[in-house]
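This report concerns only the one structure given below.
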There are 2 protein chains.
Amino acid sequence: MAKPVVDRAGLLPLLAEVFRSHGYEGATLALISQATGLGKGSLYHFFPGGKAQMAADVLAEIDGWFEVHIFAPLRESDDPARAVAAMVGAVDSYFRSGHRMCLVGVIALGASRDTFAAQVQDYFKRWNDALALALRRSGLSASAARRRSTDALITIQGALVLARASGDSRMFGQAMAEMTTRLLAKPD
Amino acid sequence: MAKPVVDRAGLLPLLAEVFRSHGYEGATLALISQATGLGKGSLYHFFPGGKAQMAADVLAEIDGWFEVHIFAPLRESDDPARAVAAMVGAVDSYFRSGHRMCLVGVIALGASRDTFAAQVQDYFKRWNDALALALRRSGLSASAARRRSTDALITIQGALVLARASGDSRMFGQAMAEMTTRLLAKPD
DNA sequence: GACTCGTTGTACCGATCGGTACAATCTCGG
DNA sequence: CCGAGATTGTACCGATCGGTACAACGAGTC
C-alpha cells in the first residue's frame with residue numbers, strides 16, 4: 001500500500017479546485033490529470049465512476065465540511081448571535097473573502113445541474129434549515145427566521161457571483177458585514 | 001435576399017436561450033444548430049467568428065436590452081422611487097420570476113469567463129452606476145447609494161442562483177420584494 | 001435565361017473528449 | 001525473496017468537439 005504523494009482523501013481538494021475554476025464541463029480529464037499529477041489509470045482506479053463520481057465525491061466532501069463547521073454549530077449552539085457570527089467568519093474564510101467560488105453554486109448553474117440536482121438542493125436546504133433554527137432560537141418567529149435565513153444564503157451566493165463578475169472581491173466582505181447586521185437585527 | 005424563417009437579429013434570442021440553459025461550454029454547435037434549425041453553414045455565415053462571436057453578440061444584445069429598459073430609465077427618471085419600482089418589475093419579468101437564468105452571471109461563473117470578462121464587468125458596472133445615481137437622487141449619500149445599489153445586484157444574482165439550485169422559484173419573488181423595501185427605506 | 005450573390009446542407013478536418021485495456025511497476029506480508 | 005494485490009503510465013477506443021470547404025440552391029436583375 002503505497003502513499004506516494006497523496007491518498008484518495010488528499011485528492012479531493014485538488015479535484016475541487018479544478019471543478020471550481022473550470023466548472024464541470026470545463027474540467028477535462030487532461031486538466032484533472034495535470035492538477036493531481038496522476039495519470040488516467042490512477043484516476044480511474046480511485047474513481048471508477050469517472051468524472052461524474054469525482055464531482056459527486058467532491059460535492060459530498062464539501063457537504064461534509066459545511067456540516068461539521070457550519071451546519072452543526074448553527075443547530076447546536078446555545079448562543080445564536082455567536083453562532084451566526086461564527087458562520088459568517090467561517091464563510092468568509094472558506095471563500096477566501098470572495099476570491100474562491102462556491103462549487104455548489106457553480107454546479108447549480110452549469111449544464112450538468114440535473115446530474116447533481118439532489119446533492120445541490122440538499123446542501124442549500126440543510127444550510128437554510130440550520131440557520132433558520134438558530135435564528136428562531138434567538139427569538140424570531142418561524143417565518144421571519146426563514147426569511148432572514150434565505151436572504152443570507154442569497155446574499156452569500158450573490159456576493160460571490162458579483163465579486164467574481166466585477167473582479168472586485170472587496171464587495172464580498174462588505175456584503176457579509178451588511179448581511180450580519182440584517183441577520184442579527186431586532187425582529188421587525 | 002430570402003428571409004426564410006429568421007434573420008440574423010431574430011437568431012440572437014434563440015442563441016441566448018441555448019447559452020442560458022447549457023452554459024458556454026455546454027452549448028455545442030449541434031445543440032445550437034438544432035435550436036435554430038440552421039446548419040453549420042448558415043451559422044458560420046452569420047457569425048464568421050464562430051461560437052465566441054455568437055456569445056459575444058448575444059451578450060451585446062442583452063446589454064442593449066438592459067440599457068434601454070433598465071439602465072437609461074434609472075438614469076433619467078425624475079422620480080427615483082418609481083424608477084426603482086419599474087426596475088424591479090422589469091427584472092422580475094425579464095427573469096420570468098426566477099425561472100430564467102442570468103446569462104451574464106452564468107458566463108461569469110463558467111470556464112470561459114476570461115474571454116468575456118470585459119463585457120461582463122461593464123454590464124454590472126453600468127447597472128450599479130445607474131441604480132446608485134437614482135438612489136442618490138432620492139436623497140441618499142453617495143456611499144449609501146452605492147452600498148444599497150450593490151446590495152440589490154447581489155440580491156438579484158443570488159436569488160437567481162438559489163432559486164435555480166433549490167428548484168424553488170418562489171424565493172425569487174420574495175427576495176425581490178425585500179430588496180425593494182431595502183432600496184426605498186429611509187436613509188439609515 | 002444567364003448572371004450574381006446571399007444562403008444553405010453536407011461532407012470532412014484534426015483535435016480532443018471521457019473512458020477502457022492492460023502490461024509494467026511498486027509495496028508489503030510472509 | 002517471492003508472490004499478491006494495489007497502483008501506475010500509456011496506448012488506444014469511438015464519439016464528438018469547433019471549424020472549414022464547397023457545391024448546390026434560391027431569388028432577384030438585366
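Computation of the quantities below employed the complete heavy-atom set of this structure, encompassing side-chain atoms and omitting hydrogens, waters and symmetry-equivalent molecules. Per chain, numbering begins at 1; letters A, B, ... match sequence-line order.
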Listing time: all N or O pairs from protein to nucleotides 16-20 of chain C that are below 3.5 Å?
| from | atom 1 | to | atom 2 | distance (Å) |
| --- | --- | --- | --- | --- |
| dG18(C) | OP1 | K51(A) | NZ | 2.8 |
| dG18(C) | OP2 | L29(A) | N | 2.8 |
| dG19(C) | OP2 | Y44(A) | OH | 2.6 |
| dG19(C) | OP2 | K51(A) | N | 3.1 |
| dG19(C) | O5' | Y44(A) | OH | 3.1 |
| dG19(C) | N7 | K40(A) | NZ | 3.2 |
| dG19(C) | O6 | K40(A) | NZ | 2.1 |

Check: H45(A) has an atom NE2; how far is it from atom C1' of dC26(C), in whole Å?
Finding: 12 Å
Next item on the list: Check for a donor-acceptor pair, side chain of Y94(B) on one end and backbone N or O of C102(B) on the other, with a separation under 3.5 Å.
Entry: no
Checklist line | Sequence-distant partners of H99(A), side chain to side chain contact (heavy atoms under 4.5 Å, CB included), two or more places apart | finding: R96(A), S169(A)
Next item on the list: Send over the distance from L11(B) CG to dT8(C) C1', rounded to a whole Å.
Entry: 13 Å
Next item on the list: Mind telling me whether F66(A) and F95(A) have parallel, tilted or perpendicular rings, with 30° and 60° as the class edges?
Entry: tilted
Next item on the list: State the CG-CD1 distance between L131(B) and I156(B), to the nearest 0.5 angstrom.
Entry: 8.0 Å
Note to self: Please verify the inter-ring angle class for W127(B) with Y123(B); under 30° counts as parallel, over 60° as perpendicular, anything in between as tilted.
What the structure shows: perpendicular
